[in-house]
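To keep things clear, I will list the structure first and then write my remarks on it.
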Protein chains: 2
Amino acid sequence: MSYGDVMNARVRSEERRAEIVGAALEVIAERGYRGASLAAVAERVGLTQQGLLHYFPTKDALLVAVLQERDRWDAVPDTRWRVDLLASLVEYNAMRPAIIQTFSALLGESVTEGHPARSYFTQRYAQVRATMTEVLRAEYGDRLPNGLTPEHTAPLLVAVMDGLQYQWLLDPESVDMPGAFRDFLRLLGEPVE
Amino acid sequence: MSYGDVMNARVRSEERRAEIVGAALEVIAERGYRGASLAAVAERVGLTQQGLLHYFPTKDALLVAVLQERDRWDAVPDTRWRVDLLASLVEYNAMRPAIIQTFSALLGESVTEGHPARSYFTQRYAQVRATMTEVLRAEYGDRLPNGLTPEHTAPLLVAVMDGLQYQWLLDPESVDMPGAFRDFLRLLGEPVE
DNA sequence: AACAAAACCTACCGCTCTACAGGTAACGCG
DNA sequence: CGCGTTACCTGTAGAGCGGTAGGTTTTGTT
């Protein structure tokens with residue numbers, strides 16, 4: 001029992017932290033990271049700002065937790081991915097506008113000087129490009145049907161996903177994000193029906 | 001002389017405003033709009049924050065001027081554009097990282113709730129997509145060599161430009177923005193077998 | 001029951017931000 | 001020269017920010 005209670009305490013604490021991270025995701029989606037105040041996040045989980053600082057000692061620490069959380073469920077695709085799975089991912093994303101908005105806002109902010117998420121995004125994009133290259137090579141070899149190499153195609157693939165997200169967030173009625181992405185995949189040579 | 005002096009005063013005032021807008025572009029590039037303080041912009045042109053407010057009564061008014069300025073030199077391409085001119089535009093952009101950074105940061109922020117630039121970007125993107133559609137139709141007719149319609153291609157074109165900008169801003173060494181964009185244009189112009 | 005640690009609070013500090021109020025000096029015009 | 005306008009300034013209000021200090025309640029262990 002004693003051991004079990006220890007575990008319960010730990011689990012509760014972890015749950016609280018997860019709650020806070022979830023609230024932070026929402027607030028960042030609404031106001032960006034710089035615009036997101038600790039007090040606003042705290043209020044959403046029924047804490048004071050100082051109560052929140054008990055779990056995350058600084059605002060940057062909370063951001064780190066948010067980015068780690070992203071890496072948890074939005075894991076970087078590994079080599080066993082196939083290109084057509086990306087279409088499903090985009091379709092899934094179209095159902096989670098809040099999450100997409102969070103990370104689109106963070107990406108936009110991160111290009112400014114000294115932003116705490118900058119190195120995260122730099123590294124993540126390098127990694128995603130590298131993995132995408134591998135995925136493409138595994139599927140098509142050293143040349144895609146359209147003549148491009150996997151190395152040259154990967155940045156385009158990532159760019160289309162991100163760029164479409166911004167257009168879609170700004171005007172979801174006018175932009176069919178999953179449809180447009182499937183169009184792009186068709187350009188790459190993948191038969192999509 | 002009297003008339004000339006009136007003009008000189010007006011011109012001086014306009015020049016001052018342009019100076020301020022230029023400084024605002026820089027500061028927004030460095031810190032985003034929310035992170036950009038009027039005091040920082042003012043200091044860059046040798047004014048106090050209150051002196052700046054003499055020219056732009058609110059921070060939002062300054063942002064409006066920044067966005068109008070963008071529309072001045074970065075005019076929306078008209079129908080007489082040709083697709084290959086876009087490659088030159090991207091190449092030109094690669095030489096102005098500060099400007100690209102300004103508007104990439106603004107675009108990222110604008111997807112958050114109640115951002116003062118949101119409607120600007122929504123409208124501008126709708127307009128750019130429409131014009132791009134026309135440009136593509138003028139060049140290729142109702143079907144591109146790869147089988148897509150101009151309507152379906154325009155959002156992809158815009159997405160690639162924006163998406164590449166973020167990757168390039170985060171890691172200019174690793175991303176050849178103009179080269180990647182030319183690759184994409186080649187994708188559009190050559191039939192996919 | 002005793003105690004330690006975790007969870008959360010109140011109070012507060014120092015800073016920054018936009019914006020308003022009101023003053024002053026220079027300029028250009030009649 | 002006198003006067004209004006433009007172009008600034010100082011001062012300050014008023015709010016919000018992240019973070020610290022230190023206390024108190026709750027919880028779990030022994």
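Protein chains get the first letters and strands the later ones, always in sequence-line order, with residue 1 at the start of each.
The nearest whole Å value for the distance from the CZ atom in Arg17(A) to the P atom in dA7(C) is 10 Å. The interatomic distance linking Arg31(B) (CZ) with dT16(C) (P) rounds to 11 Å, in whole Å. As a whole-Å value, the separation of Asp60(A) CG from dC17(D) P is 16 Å. Across the protein-nucleic acid pair, Glu14(B) atom CD and dA7(D) atom C1' stand 15 Å apart, rounded to whole Å. Atom P of nucleotide dC9(C) and atom CG of Leu52(A) are separated by 10 Å, given to the nearest angstrom. The CG atom of Leu62(B) sits 10 Å away from the P atom of dA19(C) (whole-angstrom rounding).
As judged by a 4.0 angstrom heavy-atom cut-off over every strand, Ala40(A) is placed among residues making no nucleic acid contact. Within the 4.0 angstrom heavy-atom criterion, base atoms lie near Leu53(B). Using a 4.0 Å heavy-atom criterion, one finds that Leu47(B) contacts the sugar-phosphate atoms exclusively. Nucleic acid contact for Ala36(A): sugar-phosphate only, since backbone atoms but no base atoms lie under 4.0 Å from a heavy atom of the residue.
In terms of position on DNA chain D, the residue among Gly46(B) and Gln49(A) whose nearest nucleotide sits closer to the 5' end is Gly46(B).
Applying the 4.0 Å criterion to OP1 and OP2 of dC8(C), one finds that Arg16(A) has a side-chain N or O inside that range. Residue Arg34(B) places no side-chain N or O under 4.0 Å from the OP1 or OP2 atom of dG16(D). At least one side-chain nitrogen or oxygen of His54(B) sits closer than 4.0 Å to the OP1 or OP2 atom of dA7(D). A close approach under 4.0 Å does not occur between any side-chain nitrogen or oxygen of Thr48(A) and OP1 or OP2 of dC8(C). The phosphate of dG16(D) (OP1 or OP2) has no side-chain N or O of Ser37(A) nearer than 4.0 angstrom. For dT6(D), the OP1/OP2 oxygens have no side-chain nitrogen or oxygen of Tyr55(B) closer than 4.0 Å. Checking the phosphate oxygens (OP1, OP2) of dA7(D), a side-chain nitrogen or oxygen of Ser13(B) falls inside 4.0 Å.
Thr112(A) and Arg34(A) form a side-chain donor-acceptor contact under 3.5 Å, judged by distance and modelled atom types alone.
Between Phe121(A) and His115(A), the gap from one ring centroid to the other reaches at least 6.0 Å.
Across Tyr140(A) and Pro145(A), no two heavy atoms sit closer than the pair CD2-CD, 3.5 Å.
A salt bridge does not link Glu15(B) to Arg12(B): none of the charged nitrogens lies less than 4.0 Å from a carboxylate oxygen.
Note: Phe56(B) CZ to Ile20(B) CD1 = 5.5 Å, rounded to the nearest 0.5 Å.
The side chain of Gln50(A) lies closest to dT10(C), out of dT10(C), dG18(D), dA7(D).
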